[in-house]
Number of protein chains: 2
Amino acid sequence: MTASASAAAKPAKAARRPYAARVPADVRRAQLHDAALRIIVRDGYDAISIDAIAREAGVTRPVVYGVFEDLRDLLGTLLDRQQERALAQLAEALPPEPDLSDPDQLVADTARRMIETVRADPMTWQPILLAASSMPEQARSRIDADRENFLTQVTGLIELGLALRGGPVLDAEVAAHAILAILEHFGRLLLTDPDRFETERLVATIAGVLTALR
Amino acid sequence: MTASASAAAKPAKAARRPYAARVPADVRRAQLHDAALRIIVRDGYDAISIDAIAREAGVTRPVVYGVFEDLRDLLGTLLDRQQERALAQLAEALPPEPDLSDPDQLVADTARRMIETVRADPMTWQPILLAASSMPEQARSRIDADRENFLTQVTGLIELGLALRGGPVLDAEVAAHAILAILEHFGRLLLTDPDRFETERLVATIAGVLTALR
DNA sequence: ACCAATTACTACACAGGTGTAGGAAACATG
DNA sequence: CATGTTTCCTACACCTGTGTAGTAATTGGT
C-alpha cells in the first residue's frame with residue numbers, strides 16, 4: 001500500500017512480460033522439441049502439456065501454436081526425431097558384418113556397444129525404455145513396432161546360432177523375447193542407476209546367458 | 001420446440017437422477033476400489049480420477065468423498081488390497097520347502113506355477129506388470145520395494161545354486177536381475193496376448209536359461 | 001531513422017476435474 | 001405412519017489446461 005507511484009486503482013498493473021528472443025520458426029520447433037523432451041525425462045509423460053512446454057521453453061502458448069498444430073503434432077514430430085536418433089545409434093552398435101567365427105566375442109562386443117550407447121545418450125533412451133502404458137498411444141505404437149522389428153532380427157540371429165550348433169534345442173522366438181527383456185531391463189538399470197553396475201558385469205551376464213543357449 | 005408440456009421456460013428440467021442403491025460405507029469402499037481397478041486395467045493409470053471412478057461405479061462424486069479422503073487415499077488403500085493379493089498369490093506359487101535334489105524340476109515347476117498365477121488373475125497382475133512411470137508415485141515406490149525384495153530372494157537362490165555346483169562362475173546379483181526381467185516380460189506377454197505362447201514354451205525357455213546358468 | 005513483416009504477448013471463452021454446502025430421497029424403528 | 005438417520009444428489013466456486021482473436025514489440029531492409 002505504501003509503495004510506488006501515480007496510478008490510483010490498479011494493483012501493480014501486472015508488468016508486461018519481457019519478450020523472449022525472437023527466433024525463426026524452424027529453430028523454435030527444435031527448441032520446443034527439446035523442452036518437451038526435458039519434461040518427459042525429468043517429470044514423465046504425464047507432465048507434458050502445451051502449457052508446460054511453453055513454460056519450459058520460456059515462451060507463451062500462442063508461440064507453440066504458431067509452430068505446431070497441437071500437442072499430438074508436437075509429440076509426433078518429436079517422436080520422428082527421437083526414433084531416427086535411436087535407430088541410428090542402434091544400427092551403429094550392431095555389427096555390420098558379423099564375424100561368425102567367434103560368436104562369444106561377437107555377442108560380448110555387441111552387448112558392450114549397446115550398453116555404451118545407452119550410457120552416452122540417456123535423454124534419447126529414457127523415454128523409450130522407461131515408458132510403458134503412460135505414454136500417448138502414438139508413442140507406444142511406434143516404439144512397439146520398432147521393438148517388434150528388432151525382435152525379429154534377434155530371432156533370426158538366434159536361429160542362425162542354433163543352426164550352426166546343430167538342431168534347435170531351444171525355442172528361438174521365446175528366447176529372443178527373453179534376450180530382449182534382459183537388454184531392456186539392463187537399459188533401465190543403466191538409466192535409473194548408472195553407477196550401480198559396471199558395463200563389464202552386465203556384458204558378462206549377457207554373454208553367459210547366450211553362451212548357455214548356443 | 002413443438003414438444004412436451006406445461007412448463008414455460010425451462011428446457012426439459014433435467015430429470016432427477018435415479019438413486020443408486022444405498023449401501024453401507026465399507027461395501028461402497030470395496031465397490032469403488034473395484035471400479036478404480038477396472039479403469040486402470042481397461043484404460044490405464046492416466047484415466048483415473050474421482051470423477052471417472054464415480055461414473056464407473058454409477059454414483060456421484062460426493063459419494064466417493066464420503067468414503068475416501070481424496071484420490072490419493074483411494075489409490076493407497078486399493079494398493080494395500082492389491083499388494084496383499086499379489087504377495088499371497090506369489091507366496092503360493094513359490095515352493096515352500098525347495099527340493100534341492102532335482103533343481104531342474106524345481107525351477108520348471110515354480111515357473112509353471114507363476115505363469116498360471118498370472119493367467120488366473122490378470123486384473124491383479126496387469127497394474128503391477130504393465131505399469132512403469134505412468135503410475136502415481138505411491139504405487140511405483142510400493143511395487144519397486146516388493147520387486148526389490150523378490151529380487152533379493154532370487155539372488156539368494158542363485159547363490160545357493162552356484163554354491164552347490166562349485167565356484168561362483170556367474171554374477172548372482174546381475175543374473176537375478178536378468179531372471180526377473182525375463183519373468184516380468186513373460187508376464188507382460190501373458191497379459192497382452194494370452195494365447196500367443198503356451199505355458200510350456202515359456203517354462204521350457206526359463207528352465208533352459210537357468211540350467212545353462214547353473 | 002523509418003516502415004513493414006515477423007514474432008511474441010495479453011485476454012478471452014470453453015472444457016473437464018476437484019472439493020464442499022445444502023437439500024432430497026430412502027430406510028429403519030417405534 | 002411418523003420420525004430420525006443414513007445415504008445420495010444437485011449446484012456451486014475454483015483451478016488448470018486448450019485453442020484463438022486481437023494487439024504490441026522487435027527486427028531487418030531501405
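Below, chains carry the letters A, B, ... as their sequence lines are ordered, and counting in each starts from 1.
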> Between B/R55 and B/T60, do the side chains contain an N or O donor and an N or O acceptor separated by less than 3.5 Å?
Replying inline: no
> Please walk me through it: do B/W125 and B/R119 pass side chain to side chain contact (heavy atoms under 4.5 Å, CB included)?
Replying inline: CA-CA 9 Å; B/W125 292 99; B/R119 272 199 208 280; over 6 Å; no
> When you check the gap from the basic side-chain N to the acidic O, do B/D34 and B/R81 get nearer than 4.0 Å?
Replying inline: yes
>> Whether B/R113 and B/D109 form a salt bridge (side-chain N of Lys/Arg under 4.0 Å from carboxylate O of Asp/Glu) is what I want to check.
In response: no
>> Under 3.5 Å, is there any donor-acceptor pair linking the side chain of B/Y19 to the base of D/dC8?
In response: yes
> Which listed nucleotide (D/dC8, C/dA8, C/dC9) is nearest to the side chain of A/P62?
Replying inline: C/dC9
> Within this structure, what is the CZ-to-P distance between B/R17 and D/dA11, rounded to whole angstrom?
Replying inline: 13 Å
> Looking at B/P127 and B/I143, what are the two nearest heavy atoms and their distance?
Replying inline: O-CD1, 4.2 Å
> Any side-chain heavy atom of A/M114 sitting closer than 4.5 Å to one from A/L90?
Replying inline: yes
>> Can you give me the closest heavy-atom contact between A/R201 and B/E173, atom names plus distance?
In response: NH2-OE1, 3.2 Å
>> side chain to side chain contact (heavy atoms under 4.5 Å, CB included), that's the test. Do B/H177 and B/L151 meet it? Break it down for me.
In response: CA-CA 7 Å; B/H177 273 283; B/L151 188 67; 3.3 Å; yes
> Can you say whether the rings of A/F68 and A/H33 are parallel (under 30°), tilted (30 to 60°) or perpendicular (over 60°)?
Replying inline: tilted
> Is a side-chain donor or acceptor of B/R29 paired with a backbone partner of B/V67 at a separation under 3.5 angstrom?
Replying inline: yes
>> With the threshold set at under 4.0 Å for non-hydrogen atoms, list the residues of residues 49-56 of chain B touching DNA chain D in residue-number order.
In response: none
> Is any side-chain nitrogen or oxygen of B/R22 closer than 4.0 Å to OP1 or OP2 of C/dA26?
Replying inline: no
> Do other residues, nucleotides or ligands put more than 12 heavy atoms under 6.0 Å from B/E198 CD?
Replying inline: no
> Per the atom types in the model, does the base of C/dG17 pair as donor or acceptor with the side chain of B/R61 at under 3.5 Å?
Replying inline: no
>> Near DNA chain D, counting only heavy atoms under 4.0 Å, which residues of residues 63-73 of chain A show up?
In response: A/Y65, A/D70
>> Near DNA chain D, counting only heavy atoms under 4.0 Å, which residues of residues 24-37 of chain A show up?
In response: none
